[in-house]
Trainee: 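Submitted below is the structure of interest, expressed as structure tokens.
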Amino acid sequence: MDRIPILKVGDCLLVTIQVDMHDELAMSLQEDLTSQIAKYASRGVLIDISSLEIVDSFIGRMLANIAAMSRVLDAQTVLTGMQPAVAITLVELGMALPGIKTALNVERGMELLQAYLNQDVEPEETENDGAQE
Amino acid sequence: MSAFQEVIRNNEATILSGWMSELAGSTRRSDLINDADLQRQAAELLRLVVDAAQTSSDVQSEAFAGTREFLKEIAKSRMEQGFSPAETAMFILSLKQPVFNALRSSVKSTSDLMDEVWTSGDLLDKLAMLTVTTAIGFREQTIVRQQEEMMELSTPVVKLWDGVLALPLIGTLDSARTQVVMESLLTAIVETNSQVAIIDITGVPTVDTLVAQHLIKTITAARLMGADCYLSGIRPAIAQTIVHLGIDLNDVQTKAKLSDAFALALSRLGKTVVNVKTAPTKAKEV
């Protein structure tokens, strides 16, 4: 698989990562996603990583970067379905991913995004966290 | 080895009865094992040792495999019956005296006698050591199993409401336990699809920097998975310690009591608890 598919659902973009991420794939996802956000003027991005079993520091940083870039393009990122082992690994690596919203599964993630879009005001603290990065 | 086994074979009945009376004098536990069983085990062991000694004098060799197996079985069953390791070892060591007596009466030369006494004594010591090792190993297994069980018992993840989990921690938190706590909480969050988890540390006697760090890690991991994690049950003394140590709990939602954290969790899920006033007319209808 060369590219990770990005699906447009209304105002949001849906990315489900089904294969093990390698670095090139992560870079191409980053490029594709930012251009898609700009193209469709999307307001939300949902990244589901429920089938990812290994997340290293590079992928962790890439996820944080994607969230930061989306925010610059005025889109809120929600990360869903992180496995317990992955969460433990990221915490042990010292990557708490501040500024990324998380949800247990895609359904909850969509609810979160919808709530954010309806609210239509970006929360203060998220911006601050992003600036610290 | 020839003299040793020859002597035993020729004087089997005498040695056995001598052994029995030795046992009766030292560690006979008639409350735990009856005479017939003891006699049967002793005779069987004697037979195995003599057969094995025919080919080798090394306890660890192939020839002694059967003897070792039999001794391990004896040691295990004795531990289950309530014998101490020393009593189990004495079962073998009591054989020394009758064997020496038999050797003394049949080996005439003093130097030969010394050699025989040494080799047979050495053999019996090693066999006794084997039972002790087995008995202790058996006890260690029990301890390890109990440790695991305690670990699991002391970190139960309970479901308070649909979408609300609680983890009442009891006892000191060390790295090994934190790992178990973290994994069981995160797994439970996925299994029950919970949005809120409450870690209650009422039962944790001391919180130092390491424990606080472990707790913060667990809470961060839960947040990464998309669940909110609250900390409750912080006693005044612990609150003081935390501030003195300069631990930063600003990113963690804390509450004094589990009930407060539960109320917060319910409001986070958009639920409230209200009084239900039973209408008296309805009660009559029923």
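Keep in mind it's a predicted model, so treat the numbers as computed, not measured. In what follows, chains are A, B, ... by sequence order, proteins preceding strands, each numbered from 1.
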Trainee: Non-hydrogen atoms of chain A under 4.5 Å away: do they reach the side chain of B:Gln179, the backbone, both or neither?
Mentor: side chain

Trainee: Count the heavy atoms of every other residue, nucleotide or ligand shown that sit under 6.0 Å from NZ of B:Lys217, and state whether that count exceeds 12.
Mentor: yes

Trainee: Can you tell me how far CD of A:Gln83 sits from OG1 of B:Thr187, rounded to the nearest 0.5 angstrom?
Mentor: 9.5 Å

Trainee: Does A:Lys8 NZ have over 12 foreign heavy atoms under 6.0 Å away?
Mentor: yes

Trainee: Return the option, out of B:Gln195, B:Glu183, B:Met182, with the maximum number of heavy-atom pairs under 4.5 Å with chain A.
Mentor: B:Gln195

Trainee: Nearest 0.5 Å please: distance from the OG1 atom of B:Thr220 over to the CG atom of A:Leu97.
Mentor: 10.5 Å

Trainee: CZ of B:Arg223 to CD1 of A:Ile100: how many Å apart, nearest 0.5 Å?
Mentor: 8.0 Å

Trainee: Looking at A:Ala87 and B:Leu186, what are the two nearest heavy atoms and their distance?
Mentor: CB-CD1, 4.3 Å

Trainee: What part of B:Ser194 lies closer than 4.5 angstrom to a heavy atom of chain A: side chain, backbone, both or neither?
Mentor: backbone

Trainee: Is it true that atom CG of B:Asp251 has more than 12 heavy atoms of other residues, nucleotides or ligands lying nearer than 6.0 Å?
Mentor: no

Trainee: Flag yes if more than 12 heavy atoms outside A:Glu24 fall under 6.0 Å of its CD atom; otherwise flag no.
Mentor: no

Trainee: Can you tell me which of A:Ala103, A:Ala85, A:Gly109, A:Gly81 forms the most heavy-atom pairs within a distance under 4.5 Å of chain B?
Mentor: A:Ala103

Trainee: For A:Glu111, does the CD atom sit with more than 12 other heavy atoms under 6.0 Å from it, leaving out its own atoms?
Mentor: yes

Trainee: Distance from A:Met95 atom CE to B:Leu224 atom CG, nearest 0.5 Å?
Mentor: 10.0 Å

Trainee: Would you say CD of B:Glu149 has more than 12 non-hydrogen atoms from neighbouring residues, nucleotides or ligands within 6.0 angstrom?
Mentor: yes

Trainee: Supply the atom-to-atom distance B:Met225 CE to A:Asn105 CG, rounded to the nearest 0.5 angstrom.
Mentor: 10.5 Å

Trainee: Do other residues, nucleotides or ligands put more than 12 heavy atoms under 6.0 Å from the CG atom of A:Leu7?
Mentor: yes

